[in-house]
Amino acid sequence: MHEWALAEAVVSTVERLYEENGRKTVLAVNVLIGELQHIEMEVFSVGLENILAGRPFSPDVFHFEIEKAAFRCNACKGDWLLEQHTDLGEEEREAIHFLPEAAHVYMRCPFCGSPDFGLEKGRGVSIKSVDLQELCDD
Amino acid sequence: MIDPRLDVIGKRLEPVKRIIAVSSAKGGVGKSVCAALSALAFGEGGYQTGLLDLDFQGASAHLLLDVQLDFPEEESGIKPLRAGNSVDFMSFAAFSREHAVPLRGSDVSQAMLELLAITIWDPLDFLLIDMPPGIGDEILDALRYLRGLEFLVVTTPSRVVLHVVERLLAMLSELKAPVIGLVENMVRPGSDSAAAALAEKYGTALLGSLPFEERIDDILAEGANGAPLSGDLGHSIRSITDRVAAFRA
């Protein structure tokens, strides 16, 4: 349930932007969820709803997009996706769920076996954009 | 793209009164030993104490304190593990176990931010951070993200080590980062050291010296299992932690 900690982080950012921008109405919060972290969306959403209680943002303005995790090997320049790693055990997936950088501990380049690879996209939770209501003169 | 973790780290560390980075620009001087001994000594003294091992690639504090590496319990984040009777503990090793951790700098920063954002610390008097050697990503990120961070700098009597440690002191001085003082580790009887002069040069204090101790691994494991830190080593580390506790930036 550490998804709640990440949901709280998202709300903290929205809250900061809301305050910094004169408490304009928040119309949309676009959240990118990286596949690598194996976030349980139901747990994340329940956490978000709980954290939002008593705050001036509706859960309905939060939109989620799942981003596939993609890797590139620094040694052989091979590219691959997380779904190609069918060899990961439950404990290894759990470790990566807690701390996505554990991928470097348990995964290797499927082409050359190198541990020296980069995560191109799809790591964890980030905010793509926050849309605030523009104030009109009339 | 906005990283939401940056907005919650301050809140996560609100229950912590003081955050102390146990650092040295040189490897092999005993940072982890000093951090572990200090954590035990603070615990013995009745302080609520935490230890965060940020030396991801060379994580060893769990070995020194005989910590059982299970996945942390989850509540509204992850709960620290327990080191002995009195120290709350978190480390990358909880997830990597005894495997190698081949991380590049940006991955180190990401992992550090994640641990800071999701670890739910209970109220602590002291959170000690076992830093990796050098002046790399961890120390720069710690300076950036941990408000009020103080430094406890570890050296040995070696001239070479003192030279390298001076670079860290110079940088911390330039950044106006609070330095509690120097700890001189692995001191043998009759050894001659310029540590006091180095501390004075940078307007800080030599807080004390720790004797070279053949049985250090056993002493730490015994301490983690409840035995009080005894002998010269126990006396020395208590004297140092008393001075750390009394320090005001």
Q | Which atoms of L103(B) approach chain A - backbone, side chain, both or neither, heavy atom under 4.5 Å | A |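 Side chain of L103(B) only, per the 4.5 Å heavy-atom cut-off to chain A.
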One option among S129(A), S126(A), G124(A) has the most heavy-atom pairs under 4.5 Å with chain B, and it is S126(A)
Ranked by heavy-atom pairs below 4.5 Å to chain B, first place among K128(A), E8(A), E3(A), E91(A) goes to E8(A)
Are any side-chain N or O atoms of [X] and backbone N or O atoms of [Y], one a donor and one an acceptor, separated by less than 3.5 Å?
X: D53(B); Y: A61(B); value: yes
X: K31(B); Y: K26(B); value: yes
X: R12(B); Y: V8(B); value: no

All heavy atoms of F247(B) vs all of E150(B), minimum pair found to be CD2-OE1, 3.4 Å
* To do: Over all heavy atoms of both residues, which pair between M186(B) and G30(B) is shortest? Give the atoms and the distance, please.
  =>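 Shortest heavy-atom separation between M186(B) and G30(B) comes out as CE-N, 4.3 Å.
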Scored by heavy-atom pairs under 4.5 Å with chain A, the best of S106(B), A100(B), A111(B) is A111(B)
Here the gap from N225(B) atom CG to L220(B) atom CG, rounded to the nearest 0.5 Å, amounts to 11.0 Å
Taken to the nearest 0.5 Å, the spacing of H62(B) NE2 from Q68(B) CD works out to 11.0 Å
E42(A) CD: over 12 foreign heavy atoms closer than 6.0 Å:
no
Okay, I51(A) and chain B: the region with an atom under 4.5 Å from a heavy atom over there is neither
Under 4.5 Å to a heavy atom of chain B? For L32(A) that would be side chain
Quiz item: Within residues 60-74 of chain A, which positions have a heavy-atom distance to chain B below 4.5 Å?
Solution: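 Answer by number: N74(A).
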Which residues in residues 94-117 of chain A have any heavy atom closer than 4.5 Å to a heavy atom of chain B?
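Only E94(A), A95(A), H97(A), F98(A), L99(A), P100(A), E101(A), A102(A), H104(A), V105(A), Y106(A), P115(A), D116(A) of residues 94-117 of chain A have a heavy atom under 4.5 Å from chain B.
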Next item on the list: Begin from the C-alpha positions of R215(B) and E222(B) and carry the test side-chain contact (heavy atoms from CB on, under 4.5 Å) through to its verdict.
Entry: CA-CA 11 Å; R215(B) 290 186 60 254; E222(B) 289 159 14; 2.9 Å; yes
query = Does a side chain donor of either D7(B) or T13(A) reach within less than 3.5 Å of an acceptor in the other side chain?
reply = yes
* Donor on one side chain, acceptor on other, Q110(B) and R104(B), under 3.5 Å -> no
- Using the side-chain contact (heavy atoms from CB on, under 4.5 Å) rule, take I135(B) and M171(B) through it: C-alpha gap first, then chi angles, then the decisive distance, then the call. CA-CA 9 Å; I135(B) 308 173; M171(B) 190 196 75; 3.2 Å; yes
